[in-house]
Structures are given as C-alpha cells and as structure tokens.
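Following: one structure in structure tokens, then a few remarks.
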Amino acid sequence: MDILSNLAFGFSHALTLQNLMFCAIGCTVGTLVGLLPGLGPLATISLLLPLTYSIPTGGALIMLAGIYYGAQYGDSVSAITMKIPHASSIVACIDGYQMTLKGKTGLALFTAGISSFIGGTVAIVVLASLAPTLGEVALLFGPADYCSLILLGFFCVSFVTTGSLLNGLAMCLVGVLLGSIGTDVISGQQRYTFDLPFLMDGIGLVSVALGCFGIAEITKNLDAREERSPFNGKIHLMPTWPEFKRIIPSALRGSAVGSFLGILPGGGPVIAQFAAYALDKKVSKFKDEIGSGAIEGVAGQAAADEAAARTSFIPLMSIGIPENPVMALMMAAFIIKGIQPGPNMISGHPDLFWGLVASMWVGNVFLVVLNVPLVRYWLSVFKIPYNVLFPAILFFCCIGTFSVNSNLDDIFTTAAFGLLGYVFMRLDLDAAPLMLGFILGPMQEEYFRRALLLSRGSFSTFVTRPISATLLALIALFVVWQLVAFFRARRRQPQAAAAPRAQRS
C-alpha cells in the first residue's frame, strides 16, 4: 500500500500540465536524437543542460530523463530500418535488419515499441518498490567482481554471434585490442597509436559502430547485383496472435535482465541488450531462428534496453553514484538545482523522486503513442530510390561522426572501419562481438588493475571474494559445457555419414 500511495503522490506531480509538456518534449527530442547517427543522449543532454537554469526543477529533470530513455527507442528505428546503430542498439541490427530484408519492418518496429513499453513498465515497478534498498546491491560488487562479470560476458559471446564460438571469441578479442588504442590513463603511455595524434584519445565508439554496421551494409548493398528493395509496398504492422505470444515471454525476460543490469555501475543498456539476446538464444523455444530475423531477437533486447535505462537511476537517486556518463550529467542537473542525490533524497525531496518515477511511465505512454503511428512514415524511407538514399545515409553518418569531436580524422576512421566491416561480412564474421569487446575491454582492464591494486598484486582476490568466485565457476561450467557439446557434435558427424551408406548397402 505504501508503494501505491507513493506512486499516486508521484502521479499527482507528473500529471500536471507543465510536467506533461516537459515530458513530451523530452520524449520527442530523445526519439529524434536516436534517429540521427552519431548524436546520442549524452551529447544532447550536455547541450541542453544550461537550459535547466531557467526551467522549474521537476520539469527540467523530467525532460532530461525523457531524452535519455526516449533515445533508446529512437536508436532501434535507425538500427532496424537502415542498420545504423548507436551503442544501445547494436544488437537490434542483427534480427531487426534481417526482418527488414524480409519485408517485416513494420512488425519489427512495432515489436520494438511494445517491448520497450513492457520493459519500461517492469523497470518502473522495480524502481518504485526496491529503489530505497536495491541500490545497495551495487555496493556489494568490488573491482574483482566486475572484472569476473565482464569476463563471463566475453565467454557468453557465442550466444550473441551468429557464427561459431571460436569466431565469436576471436572477434571479441579484436574489439578488446581496438579498445586499448590510445593513452593509458594510469601510466600516460601511448599504446598502438603509431605516433598519430588523432589516436592519442583512442578510437570513438561512434566511428566503430557506424563503420562496421552502417557503411559496411551500404557497401554490401552496392556490391550486390540485384536491386535492393526490402520494402514490398505492404505494411505488416500488427502481429498475429502466435507472433504476439512469442513477443511477451522474450520481452519479460529482457525486462528482468535489464532491470538487474541497469543497477550495476558500468552496466546499463549496452550490456543489458547483449545479455538479453544471449539469454534468448539459450532458453527461447525459437532459439534456432534467432540471428536470421526472429521476433525474439528484437523483443528481448528492446525490453532490456528500456528497462536498464530506467533502473540506472536507482544507484544515482538511492546512493548518489552515477553508473554511466549520462547519469553523471543527470547528477549535475540535480546539483545545479541544489539537490544532492543520495539516501536522503527520497525523504528530503519526495515530490521530485516520486514525480520523476511516475513521469517515466507517462513517458512510456508518450513513446508508444508517438512512435507506433509513425511506423508507416519510417517505412516510407524505402520508397526512395537507393541511389538517392545511400548518399543521404553516408552524409548523415559523416555529420554524426564529425559532431562528436569536430574532427575530420574521425570521418576517415569511420570510413576505414566501414571497409573493415565489409571484409568481415564477406568472411561471414559477425561484428557484434567486436563491439562487445570494444565496449567492455577498457572497463575490464580498469577493474582488473583496481582489483590488483587493492589486493597489492595478489591474484587470489578473484577467488576469495564470493561473487567473483561464483562468476568464475560459471565461466568454468560454461567452458566445460561448450567442450562437451563440441565433442558430441563431432561424434554424431561420422554416425550421420555412416547411416546413408548402411541404407544403400
């Protein structure tokens, strides 16, 4: 009853005309931000942060939050329709774009929209009921635990890639090496920069994502002899009842995964989408279809994406620790308004806390109302001749890349990764594990160093801490299970080949 009364109190603030307007503005801006290559919520919130001085406190926080979780859905639109991802929509490119190639873009976008609504709703329930205590879970994880958690993610890469385990791990390690380029933050030494000034700060995530996915896909389409036309003139928007029954379980699983990983510092939507996709490839009844245009491949990651975007507010508002750069900007917005996020925020500013929580569900409704009717307009992009469309896509890719650091070298870097991504496609290598390694590699190195510094160089910290030891045990079980499955498959091959010969004889 306390939760219901608190939510009712929050809705009384969120449903005021002023806050509804700011919520709608945030969701609209966030969706547009997600559609544009390279421009993400971090850059947008940075640009709009000075405007919060002249906006009421509640409205400013609601608007900035709407930009953040609204961009998560906008990201999936460009990933599904044109295979141009942001960091939080890399997994959507796998099955979402395959559905586009099969003429099911409307169904894919509707699935992403309804799954995002489910994920956001589940996360809001978690946020409202467990925020005062659940944020303390993040304090139980030390550097060694996070290091083991990321290592587990590397070994689960076989569930993310559409190829073999060996290819997936190899691509993941390539991503780790690319992520290590730049200046070491501890020693100050340059690594793999070849004395090139633009590599001193490392390679940008936007350049790698747009190159390996967006430009590589354009190059592949231009290389194809047949006319590219994913849009067949028919709009299949609403799922059938059997398709809808496939969406719900996957969306609920993704909601649970995203709600948990959104709490952990360093987690958030990026890791949540990979984890939800890996879980679906393991437990879904249609796991054999995932990777070739399955609804589950869109539903699970979309729900996890939205759920993690909302539960990432838990450590910020409960213990005052921002878990990612966007949350750090949100913390700056709180401080600008004279509010210190932390344990005393719920008791000291209940109207802001519960008003923000309630506004997230209002924003959920805005996103569904705003985006589902617009699916038909998103599909109209395929009516444009491809010889006109692909230069426009390249133009926006270049603009998005340049807007991050205002550096022309980033455009050439994106072009280089476009060529590399095209080579990967020709070799049937999946770029998604590379992105996983690129994102998690620097985090893995940082937590590994912190763990050794705290243990004074002793590797025993990874097995003496209960959480880390449990995660390492799961890695060992995973490796054994993969080896057993491999040798079983090898044993079946001679038997399968001998069966036809026995029948002929």
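Each residue takes its place number in the sequence, starting with 1. Atom set for the values below is all heavy atoms of this structure, side chains included, hydrogens, waters and symmetry mates excluded.
Side-chain atoms of Ser250 come within 3.5 Å of backbone atoms of Gly300 as a donor-acceptor pair (strictly under, hydrogens ignored). No donor-acceptor pair under 3.5 Å is formed between the side chain of Thr193 and the backbone N or O of Leu199. Between the Ser284 side chain and the Lys281 main chain, no donor and acceptor come within less than 3.5 Å of each other. A donor-acceptor pair under 3.5 Å is formed between the side chain of Asp145 and the backbone N or O of Gly142. Listed for the Ser180 side chain is a donor-acceptor partner under 3.5 Å among the backbone atoms of Leu177. Between the side chain of Asp95 and the backbone N or O of Val298, no donor-acceptor pair lies under 3.5 Å. For the pair Ser468 (side chain) and Thr464 (backbone), a donor-acceptor distance under 3.5 Å is absent. Between the side chain of Ser312 and the main chain of Ala309, a donor-acceptor pair closer than 3.5 Å is present. For the pair Thr183 (side chain) and Met200 (backbone), a donor-acceptor distance under 3.5 Å is present. Panel note: side chain Gln273, backbone Val91; a donor-acceptor pair is recorded below 3.5 Å.
Between Arg191 and Glu445 there is a salt bridge, since at least one side-chain N of the basic residue sits less than 4.0 Å from a carboxylate O of the acidic one.
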Exercise. Take Ile215 and Phe417 through the side chain to side chain contact (heavy atoms under 4.5 Å, CB included) test and state the conclusion after the steps.
Key: CA-CA 8 Å; Ile215 295 181; Phe417 277 101; over 6 Å; no

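For Asp184, the salt bridge (charged side-chain N to carboxylate O under 4.0 Å, His left out) partners two or more places apart in sequence, or in a different chain, are Arg449.
When all heavy atoms of Val257 and Ala276 are compared, the closest pair comes out as CG1-N, 3.9 Å.
Atoms CE and OH, on Met443 and Tyr146 in that order, are 9.0 Å from each other to the nearest 0.5 Å. To the nearest 0.5 Å, atom CD of residue Gln444 and atom OG of residue Ser148 are 8.0 Å apart.
Between Phe448 and Phe462, the ring planes are parallel. Angles under 30° get that label, and only those over 60° would be called perpendicular.
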